[in-house]
Student: 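For reference, the structure I am asking about is given below.
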There are 2 protein chains.
Amino acid sequence: MLKYQQIAAAIEKYIEDHALQQGDKLPVLETLMAQFEVSKSTITKSLELLEKKGVVFQVRGSGIFVRRHKRKGYISLFSNQGFKKDLEDFHLTSEVIELNVRKPSQEAALNLTIDENDDVYFVKRVRYINGQTLCLEESYYNKSIITYLNKEIVSESIFHYIREGLGLKIGFSDLYLHVGLLTEEEAAYLGLKKGMPKLHVETIFHLTNGKPFDFSKITYNYEQSQFVIQTNSF
Amino acid sequence: MLKYQQIAAAIEKYIEDHALQQGDKLPVLETLMAQFEVSKSTITKSLELLEKKGVVFQVRGSGIFVRRHKRKGYISLFSNQGFKKDLEDFHLTSEVIELNVRKPSQEAALNLTIDENDDVYFVKRVRYINGQTLCLEESYYNKSIITYLNKEIVSESIFHYIREGLGLKIGFSDLYLHVGLLTEEEAAYLGLKKGMPKLHVETIFHLTNGKPFDFSKITYNYEQSQFVIQTNSF
DNA sequence: GAGTGGTCTAGACCACGGC
DNA sequence: CCGTGGTCTAGACCACTCC
């Protein structure tokens, strides 16, 4: 692990352990430099990382402050697929409905930029949060990248397996959000009634080298659909 | 304007002008260093900025590539309030329903971290996209920060005025998303029917110094609610 | 004006991709 | 192995905040 990542992790842990709140001041750069025995730019890099993650904000001429949104019970839209850590407050489980190798739909092939004759893993799951249905998920994984999946992996965190088991590096993703009404089938899986509202999210996940490896379609239970997103200006 | 921002803007313009597509390769670092006559870290800073914005992605040992999502007609969830540039494809207009100075609701006071006796500007607008209703917006601006607003400003881009007119620097924001069904009043403003789905977004905007200055509640027309979000891993 | 974060440089060395 | 991006350093100078 790189220095600036270690330092960022240490600072984040410090904030967590001391239960610091929004606006609380952290030590000044010079102190941090001395404490971690690194140069200024390394500390700066660490703090940039934490700023991107929405953990701190820096004010020139003033200091470094903790950033923390106030509301509880909201799910971070980004820490759902792939970044499970933030969900420690929640119990996430999955019920696997379907898992097989097949040819992709035209839509899936397009989004994964593969040929319709290439193989994909198809995964269909219902995910539960604290015992309640959270969402219905249908995912297509490019089999030439995600070479193996089994029921055990798919019941747990697929993304954890991709990183640790396969040693792949997940880069960026594009999310597409829609609002609509539940179909009969979706309602059945989620234990809701047809015609109730839904949040539908399609995501294309890429590796750091830019190759799309997963196309996911997720329908969220509106009762559980409380999401938070932290953003920064450019 | 800072060097690295100028360079980032230049590179972004180059991508735009040459209509580069996802995966297209940009010149290597050394070339860019020479071309802009700056040191390596400055170019790196520029590219980091573009990476944050979702304009490029960098692959170690390989190169710098253009990142561009494929779907058209989607609104970027972040470039709506405050970052209007990305919406050039769309015609955005506003109809002002209400504009006045008042005491904040308990909810607004809480989210702006002010007292219920402090003054706020209250703005209620319906926003149109290409002539269709896009959303109903109710905003509370901390009057001790946003000292003046009038109908003309509020009909145009409030955030542009805050930046240029008031010289304030917008920092970060917290978005809270919900899905639900339209009330009678909301449906009336949006020209829809009660009971249809809605996306409800509450946002708290902060200045770079961390002070919240705007609390907004927006109800989106589900027919227009096609949003895209580009994210990066940490 | 003192304190504090941000920008920029020049250069050494490292790590990954792909031929 | 070469080309390419990433990390890290030491230090100069700049810009903002707040007393």
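Protein chains get the first letters and strands the later ones, always in sequence-line order, with residue 1 at the start of each. Since the structure is predicted, the reported quantities are computational estimates derived from the model, not experimental observations.
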Student: Nearest heavy-atom pair of Thr208(A) and Ile170(A): which atoms, and what distance?
Tutor: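 Distance-wise, the nearest heavy atoms are CG2-O, 3.9 Å.
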Student: Ser39(B) side chain N/O closer than 4.0 Å to the phosphate oxygens (OP1, OP2) of dT9(C)?
Tutor: yes
Student: How many whole angstroms separate atom CZ of Phe36(A) from atom P of dC8(D)?
Tutor: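 Result: 13 Å.
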Student: In whole angstroms, how far is the P atom of dG6(D) from the CD atom of Glu51(B)?
Tutor: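 Rounding to the nearest Å, CD of Glu51(B) and P of dG6(D) are 7 Å apart.
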Student: Heavy atoms from C-beta onward define the side chain here; which of dT9(D), dT9(C), dG5(C) lies closest to that of Val28(A)?
Tutor: dG5(C)
Student: For Val38(A) and Gly61(B), take the nucleotide of DNA chain D holding the closest heavy atom to each; which residue's nucleotide lies nearer the 5' end?
Tutor: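 Looking at the nearest nucleotide for each, Gly61(B) comes out on the 5' side.
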Student: Nearest to the side chain of Arg60(A), which nucleotide is it out of dC14(D), dT7(D), dG5(D)?
Tutor: dC14(D)
Student: Among dC8(D), dG6(D), dC16(C), find the nucleotide with the atom closest to the side chain of Lys169(A).
Tutor: dC16(C)
Student: Go nucleotide by nucleotide along DNA chain C from the 5' end; which of Glu48(A) and Lys211(A) gets its closest nucleotide reached first?
Tutor: Glu48(A)
Student: Quick one: sort the His69(B) and Tyr176(A) rings into parallel, tilted or perpendicular, breaks at 30° and 60°.
Tutor: perpendicular
Student: Starting from P on dA10(D), measure out to CD on Glu37(A) and report it in whole angstrom.
Tutor: 11 Å
Student: Whole angstrom is fine here: how far is it from CG in Leu29(B) over to C1' in dC16(C)?
Tutor: 14 Å
Student: So if I take every side-chain heavy atom of Thr42(A) and compare against dT9(D), dG5(C), dG17(C), which nucleotide ends up nearest?
Tutor: dT9(D)
Student: Picking from dG5(C), dT7(C), dT7(D), which would you name as closest to the side chain of Lys40(B)?
Tutor: dT7(D)
Student: Sequence neighbours excluded and cut-off under 3.5 Å, please list the side-chain donor-acceptor pairs for residues 105-112 of chain A, or say none.
Tutor:
from	atom 1	to	atom 2	distance (Å)
Ser105(A)	OG	Ala108(A)	N	3.1
Glu107(A)	OE1	Lys217(A)	NZ	3.0
Glu107(A)	OE2	Lys217(A)	NZ	3.4
Asn111(A)	OD1	Arg71(B)	NH2	3.4
Asn111(A)	ND2	Glu107(A)	O	2.9

Student: Heavy atoms from C-beta onward define the side chain here; which of dT17(D), dT7(C), dT7(D) lies closest to that of Lys45(A)?
Tutor: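 Taking heavy atoms from C-beta onward, the closest nucleotide is dT7(D).
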Student: Separation of Gln6(B) atom CD from dT7(C) atom P, in whole Å?
Tutor: 13 Å
Student: Answer yes or no: does a side-chain N or O of Gln58(A) lie under 4.0 Å from OP1 or OP2 of dG6(C)?
Tutor: yes
Student: Distance alone, cut at 3.5 Å: any donor-acceptor contact between the side chains of Ser173(A) and Thr231(B)?
Tutor: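 Yes.
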Student: Given atom CD1 of Ile64(A) and atom P of dG5(C), what is their separation to the nearest angstrom?
Tutor: 4 Å
Student: Can you work out whether Ser41(B) or Glu30(B) has the more 5'-proximal nearest nucleotide on DNA chain D?
Tutor: Glu30(B)
Student: In this structure, how many angstroms lie between the C1' atom of dC8(C) and the CD1 atom of Ile43(B), rounded?
Tutor: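 Atom CD1 in Ile43(B) sits about 12 Å away from atom C1' in dC8(C).
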Student: For the residue pair Phe122(A) and Tyr140(A), categorise the inter-ring angle as parallel (less than 30°), tilted (30 to 60°) or perpendicular (more than 60°).
Tutor: tilted
Student: Whole-Å distance between dT9(D) P and Met33(A) CE?
Tutor: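 Computing the Met33(A):CE to dT9(D):P distance gives 9 Å.
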Student: Does Tyr4(B) place a side-chain N or O at less than 4.0 Å from the phosphate oxygens OP1/OP2 of dC8(C)?
Tutor: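 For dC8(C), OP1/OP2 do not have a side-chain N/O of Tyr4(B) under 4.0 Å.
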